[in-house]
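Throughout, protein chains are lettered first and strands after them, A, B, ... in sequence-line order, and every chain is numbered starting at 1. All values below come from the heavy atoms of this structure, side chains included, with hydrogens, waters and symmetry mates left out. Only a predicted model underlies this, so the values are computations on that prediction, with no experimental measurement involved.
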2 protein chains.
Amino acid sequence: MIRRFRGESLHKVDAKGRVSVPAAFRRVLEEGDPDFSRGSSPNFVIVYGGVRGDCLEGYTISSISKVDKLISKLPRFSKDREILERFINTQSTYMQLDETGRIVLSNRLKEKIGIGDEAIFAGMGEKFQIWEPKNYQNELNALDSSFKNLSEDENPFLKLDQLQD
Amino acid sequence: MIRRFRGESLHKVDAKGRVSVPAAFRRVLEEGDPDFSRGSSPNFVIVYGGVRGDCLEGYTISSISKVDKLISKLPRFSKDREILERFINTQSTYMQLDETGRIVLSNRLKEKIGIGDEAIFAGMGEKFQIWEPKNYQNELNALDSSFKNLSEDENPFLKLDQLQD
DNA sequence: TAAAATTCCATGATATCCCATAAGATGGCA
DNA sequence: TGCCATCTTATGGGATATCATGGAATTTTA
């Protein structure tokens, strides 16, 4: 089975910017790092630009590679490619878990998403997000109400069954 | 034969949040976990967000993987995909039965559905649900009365045979 | 050399494992 | 067809490991 990022959890951010990555996510990061071996700590990538500026997105090495490959398929020098490279390559950084399963968020990253002394991790399948708690709640509320306003045939749950395997 | 989740049963939730999963359901979970082997314990997934907030829903690995695969077909960063991942990945968690066939419900999960020291498991074919007993009874009653108010051609029993494969 | 970043150690809380038991279900056999 | 032996299930308690978090010590770097 390929494990995916699932679940949400709240973590303290200390004065140095250290945060624990949820234990369940670590397993996924380990599986997704081809260079990982027992006893070491997995590498992964954090994208801080992205479509939305309001959260950080963490990718395993293998899932960011998929995205990189897709970008490489776009014509060199095309505007599209340039934009995506800007967001996904330029505005991202490698990270490594420390021995206790933490990462450190630089001031730059913290400011980017307005984080104080708490952070919420949210699993999103092939990636996870890091949010400032209040912003996260707003995001959920917004999502909820936009979901409620959808018509029957806009409902993504129902659309799922129309996709073919 | 592909076994399905069938039947309902009531179980104690102890101080640590431990509950026995009905033995019949365990067989289904075992069959639905590609990594399961005799002697080990099956993994599965509990979704706690979903369209309805009033119960937990348990899926086998293989049935949740089907959903995950469909979601992965949607364009990355699309609204639809985001909504579905929020409901199905973010608001869910991996679970593993222990040797005696139990799982532990975290406080978070218990609060989510208002569970005290008892829980009802209800088989729903490809998934099962976990309810606080009183809420479950209300749900049954509501379903009953809404069913009674349906006209002939709204009756799902009758619609069943009109579907084609 | 001062500030920043990284490594190392410590600890309480939580979750997980391991063992125990009683009741019920199952099946064999007289 | 009634009784006994055995297995499975549901449940509880205690021991142990993992996790989240904080602080000190050491290294790096500007």
Exercise. Could you give the CG-to-P distance, from A:Leu97 to D:dC19, as a whole number of Å?
Worked result: 12 Å

For this session: Can you tell me the distance, in whole Å, between the CD atom of B:Glu118 and the P atom of D:dG12?
Result: 11 Å

Exercise. Nearest to the side chain of B:Ser20, which nucleotide is it out of D:dT11, D:dA20, D:dT9?
Worked result: D:dT11

Exercise. Rounded to the Å, how far apart are A:Lys110 NZ and C:dA4 C1'?
Worked result: 13 Å

Exercise. Can you list every pair that meets salt bridge (Lys or Arg N to Asp or Glu O under 4.0 Å) and has a residue in residues 127-136 of chain A, with sequence neighbours left out?
Worked result: A:Glu57-A:Lys127

Exercise. Base, sugar-phosphate, or nothing: which does A:Arg108 touch, judged by heavy atoms less than 4.0 Å apart?
Worked result: nothing

For this session: Give the rounded distance in Å between these two atoms: CZ of B:Phe121 and P of D:dT9.
Result: 15 Å

Problem set entry | Sequence-aligned protein contact record of nucleotides 10-27 of chain C, with B where the base is within under 4.0 Å of a protein heavy atom and S where only the sugar-phosphate is | ------BBB---------

Exercise. Of all heavy-atom pairs between B:His11 and B:Pro22, which one has the smallest distance, and what is that distance?
Worked result: NE2-CG, 3.7 Å

For this session: Return the value, rounded to whole Å, for the distance between atom CG of A:Leu105 and atom P of C:dT6.
Result: 12 Å

Exercise. Going by heavy atoms in the side chains, are B:Ile61 and B:Tyr94 under 4.5 Å from each other?
Worked result: yes

Exercise. Is B:Val21 touching bases, backbone alone, or none of the nucleic acid, heavy atoms closer than 4.0 Å?
Worked result: sugar-phosphate

Just list the side-chain donor-acceptor pairs under 3.5 Å for residues 70-78 of chain A, sequence neighbours left out, or say none.
residue	atom	partner	partner atom	Å
A:Ser72	OG	A:Asp68	O	3.0
A:Ser78	OG	A:Pro75	O	2.8
A:Ser78	OG	A:Arg81	N	3.1

Exercise. Taking the six-membered ring for Trp, are B:Phe87 and A:Phe157 ring centroids under 6.0 Å apart?
Worked result: yes

Exercise. A:Val19 or B:Ala23: which one's nearest nucleotide on DNA chain D is closer to the 5' end?
Worked result: B:Ala23

For this session: Please report, rounded to the nearest Å, how far the P atom of D:dA20 is from the CZ atom of A:Phe25.
Result: 11 Å

For this session: For the pair A:Lys159 and B:Asp80, find out whether any cationic side-chain nitrogen is under 4.0 Å from an anionic carboxylate oxygen.
Result: yes

